[in-house]
Participant: 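Before we start, here is the structure in question, set down as structure tokens.
Quantities reported herein were computed from a predicted structural model and do not represent experimental measurements.
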Amino acid sequence: MSGSAPARRSRRTEILENRPVNLDGFVEEWPEVGMVAMDSPYDPTPSVRVEGGVIVEMDGRERADFDFLDQFIADHAIDVTATEKAMALDPVEIAHLLVDPKVSRREVLDVSRGLTPAALLEVVKTMNVVEMMMALQKMRARRTPANQAHSTSARDNPVQVAADAAEGALRGFRELETTLGVVRYAPLVAIALQVGAQAAVPGALTQCALEEATELELGMRGITAYAETISVYGTESVFCDGDDTPWSKTFLASAYASRGIKMRFTSGTGSEVQMGNAEGRSMLYLEIRCILVTRGAGVQGLQNGSISCIGVPGAVPAGIRAVLAENLIASTVGLECASGNDQSFSHSDMRRTARLLPQLLPGTDFICSGYSAVPNYDNMFAGSNLDSEDYDDWNVIQRDLQVDGALRHVGEAEILAARSRAARALQGVFAHLDLPPITDREIEAVTYAHGSKELPLRDVLEDLKGAQSVMDRGITGLDIVRGLDAAGFPDMAESFLGVLRHRVSGDLLHTAAILTPELETLSAVNDANDYAGPGSGYRPTGARWEQMKRLRHVVSARNPEEEVG
């Protein structure tokens, strides 16, 4: 009735309405356009038929009707000698193989190499989140978990990038990634990342995420050590939007491999919906096609876990379950898995943590493929699920649950020394290479700063000229080594040279390869996951567990007034 008073509302409802989680976006399922996580009525039914050593029918589609993803997967990703036997197994039976600790990872891989995309989807649909986590604990490639960080600057400040890279390596990250707001800054920032990565703890690998031609050139020059932003998609129409095919991506991957550059493809549930061409299939089915394209291309790994598309699966029912499922499938088909947890997707701290735990608890090859080692206002990858303000929370969770998230608490004095050393080393390298100078004032500021807002402004025009000169003069990683040595940092020069040696040897091309601080390769070859149930596999013990126990404000049990952390 017009003019009537509004209905009285519950105070509790008002409080709940104002909770941060209700700022997130949620949407009902719409299978016809692919807005469904992993259970669409339009997903194909698993099937396969082999004739004359060739797959002639797959998932209900005859070879004459294959799109180019079907053809690539059938010809390069599925073992025709194993497929009919594997496909004869019931999905629940395969799920039991995944979960059962008495069944080895090797046995599961022997089955997975014969499974079609629809069959893999049916397997994970039978599993709940806890079962997927149990399977992931067994199926990750490398025994020892690791982590990757973003080191970026809203002002593309190379001094900041170097200092944050040094702190990141000191805290435990074994891969460090940067990107730019102004792409022309890339050579300076890539050099800064590489220098900073060796300032405190040697051996962290670095990449500069750019358009593919520049990224490849920086890698071939030895200024970066790995790449992972080579995107693949689950429908032919979206693939074509990027002027790519599975074959062109494979050629690009071989270009990286030819120079010993470690690389992963990138994909993620929801990308095809976000780009408007999901062809009515579920997000996870399309992601499985990306995973098999990656395997078919011979690439060692995949960055997946929805990545920059996380808001799409995060908005539909079971979307975060589907994200875990894609991580599990990548590991189940033998790929190194950098399992996401990088782009921010929720206003709720509780929900952010819930999205993290399915990868942190079982462990993955890289639990985050982009933990923001900077405040989120400086994160040029659109912000991360976790950032530099979450370090202490992360370390406490590790200690609470005795799970290894690959990070550690570091005292302030050690951090300040690392940040200062990275900036001073970069100052010396820039001087040696006749690049725009870094002032002592900048070094002082970046040593103590939280982010770019607290740093002096650099001369952008001169920096851009310097960046172009790096490309014009053909500067390489060896020039950076010489610059470090000339600037009085011979240990950093030796560390960086060690990284370059590993590239020449091809060591970084092993699945899940990282370098230890002793510059030894750790990969699925010499650190293979050996989980076989309780009492087996990787567990943080000994010196690592003692390291994980140390936090910022741990007090003595005998004298509560004394801090021992």
Side-chain angles (χ1 to χ4, degrees), residues 25-44 58-61 65-74 77 116-122 124-125 228-250 264-297 299 302-330 333 335 339-340 342-343 345 369 382:
F26 304 101
V27 65
E28 65 178 350
E29 294 168 310
W30 186 5
E32 288 77 8
V33 299
M35 188 65 76
V36 59
M38 54 190 295
D39 196 9
S40 171
Y42 304 107
D43 287 335
M58 182 177 71
D59 294 342
R61 186 178 285 182
D65 299 321
F66 282 0
D67 64 14
F68 66 36
L69 283 118
D70 292 322
Q71 183 180 338
F72 189 86
I73 290 167
T116 67
L120 286 163
L121 176 63
E122 290 302 314
V124 293
K125 281 168 62 175
E228 71 175 356
T229 52
I230 293 84
S231 298
V232 290
Y233 303 100
T235 64
E236 186 174 292
S237 50
V238 171
F239 234 126
C240 290
D241 279 349
D243 296 324
D244 280 308
T245 71
W247 291 270
S248 68
K249 291 294 188 181
T250 302
R264 295 184 285 265
F265 281 170
T266 291
S267 62
T269 48
S271 63
E272 297 83 11
V273 180
Q274 193 162 287
M275 297 175 74
N277 280 296
E279 298 178 358
R281 306 301 173 89
S282 71
M283 301 179 202
L284 184 57
Y285 171 74
L286 298 180
E287 171 59 16
I288 294 169
R289 300 181 92 198
C290 298
I291 294 168
L292 291 183
V293 164
T294 304
R295 182 170 70 175
V299 176
L302 184 67
Q303 175 187 216
N304 78 347
S306 199
I307 315 302
S308 58
C309 308
I310 185 65
V312 180
V316 299
I320 302 305
R321 176 179 171 230
V323 169
L324 173 59
E326 66 174 288
N327 296 149
L328 172 59
I329 292 169
V333 301
L335 297 173
S339 57
D342 44 351
Q343 184 153 320
F345 83 109
S369 57

Participant: As a quick check of understanding, evaluate side chain to side chain contact (heavy atoms under 4.5 Å, CB included) for V316 and M283, giving each step before the final call.
Facilitator: CA-CA 11 Å; V316 299; M283 301 179 202; 4.0 Å; yes
Participant: Kindly give the heavy-atom pair with the smallest separation between A118 and Y285, and that separation in Å.
Facilitator: N-CE1, 3.9 Å
Participant: Among all residues two or more places apart in sequence or in another chain, which pass the salt bridge (charged side-chain N to carboxylate O under 4.0 Å, His left out) test with D70?
Facilitator: R61, R289
Participant: Between L286 and A278, which heavy-atom pair has the shortest distance, and what is it?
Facilitator: CD1-O, 3.4 Å
Participant: Tell me, with the steps shown, if D59 and T116 meet side-chain hydrogen bond (donor to acceptor under 3.5 Å, both in side chains).
Facilitator: CA-CA 7 Å; D59 294 342; T116 67; 2.6 Å; yes
Participant: Please report the interatomic distance CD(Q303) to CD1(I230), rounded to the nearest 0.5 Å.
Facilitator: 9.5 Å
Participant: Tell me, please, which residues at least two apart from E122 pass salt bridge (charged side-chain N to carboxylate O under 4.0 Å, His left out).
Facilitator: K125
Participant: Are any of the side-chain heavy atoms of L284 and R321 separated by less than 4.5 Å?
Facilitator: no
Participant: Can you name the ring pair (Phe, Tyr, Trp, His ring centres under 6.0 Å) partners of F26, sequence neighbours left out?
Facilitator: none
Participant: Is it the case that over 12 heavy atoms from other parts of the model lie below 6.0 angstrom from the CH2 atom of W247?
Facilitator: yes
Participant: Checking E326 now: which residues fulfil salt bridge (charged side-chain N to carboxylate O under 4.0 Å, His left out) with it, not counting sequence neighbours?
Facilitator: none
Participant: If you look at every heavy atom in I310 and F345, which pair is closest and at what distance?
Facilitator: CG2-CB, 3.4 Å
Participant: Just so I know, are the side chains of I307 and D342 near enough to count as touching, which here means a heavy-atom distance under 4.5 Å?
Facilitator: yes
Participant: Side chains of L121 and S282: does their closest heavy-atom pair fall under 4.5 Å?
Facilitator: yes
Participant: Can you list everything that forms a salt bridge (charged side-chain N to carboxylate O under 4.0 Å, His left out) with R264? Sequence neighbours excluded, please.
Facilitator: E175, E228, E336
Participant: As an exercise, state the distance from CE of M35 to CD of E28, rounded to the nearest 0.5 Å.
Facilitator: 10.0 Å
Participant: Considering only heavy atoms from C-beta outward, does the side chain of I73 approach that of R295 to under 4.5 Å?
Facilitator: no
Participant: What distance separates L69 CG from T235 OG1, expressed to the nearest 0.5 Å?
Facilitator: 7.5 Å
Participant: List in chain and number order the residues that pass ring pair (Phe, Tyr, Trp, His ring centres under 6.0 Å) with F66, two or more places apart in sequence or in another chain; answer none if no residue qualifies.
Facilitator: none
Participant: What pair of heavy atoms forms the shortest contact from S306 to P313, and how long is it?
Facilitator: OG-CG, 3.2 Å
Participant: Are any of the side-chain heavy atoms of N277 and Y233 separated by less than 4.5 Å?
Facilitator: no
Participant: So if I apply the side-chain contact (heavy atoms from CB on, under 4.5 Å) rule between T294 and each of V333, V232, T266, which one comes out positive?
Facilitator: V232
Participant: Mind listing the closest non-hydrogen atom pair of A318 and M38 along with its distance?
Facilitator: O-SD, 4.5 Å
Participant: Mind checking whether R281 and S40 have side chains closer than 4.5 Å, heavy atoms only?
Facilitator: no
Participant: Any side-chain donor-acceptor pair under 3.5 Å between Y42 and E32?
Facilitator: yes
Participant: With a 4.5 Å cut-off on side-chain heavy atoms, are P117 and M58 touching?
Facilitator: yes
Participant: If I take atom CG from residue D244 and atom CZ from residue F239, how far apart are they, to the nearest 0.5 angstrom?
Facilitator: 6.5 Å
Participant: To check you understand the geometry: which heavy-atom pair defines the closest contact between G234 and C290, and what is its length?
Facilitator: N-SG, 3.3 Å
Participant: For the atom pair CG (L335) and CG (L302), what is the distance rounded to the nearest 0.5 Å?
Facilitator: 6.5 Å
Participant: Is there side-chain contact between V323 and T269, with heavy atoms separated by less than 4.5 Å?
Facilitator: yes
Participant: At what distance, to the nearest 0.5 angstrom, does CG of D241 lie from CD of E236?
Facilitator: 11.0 Å
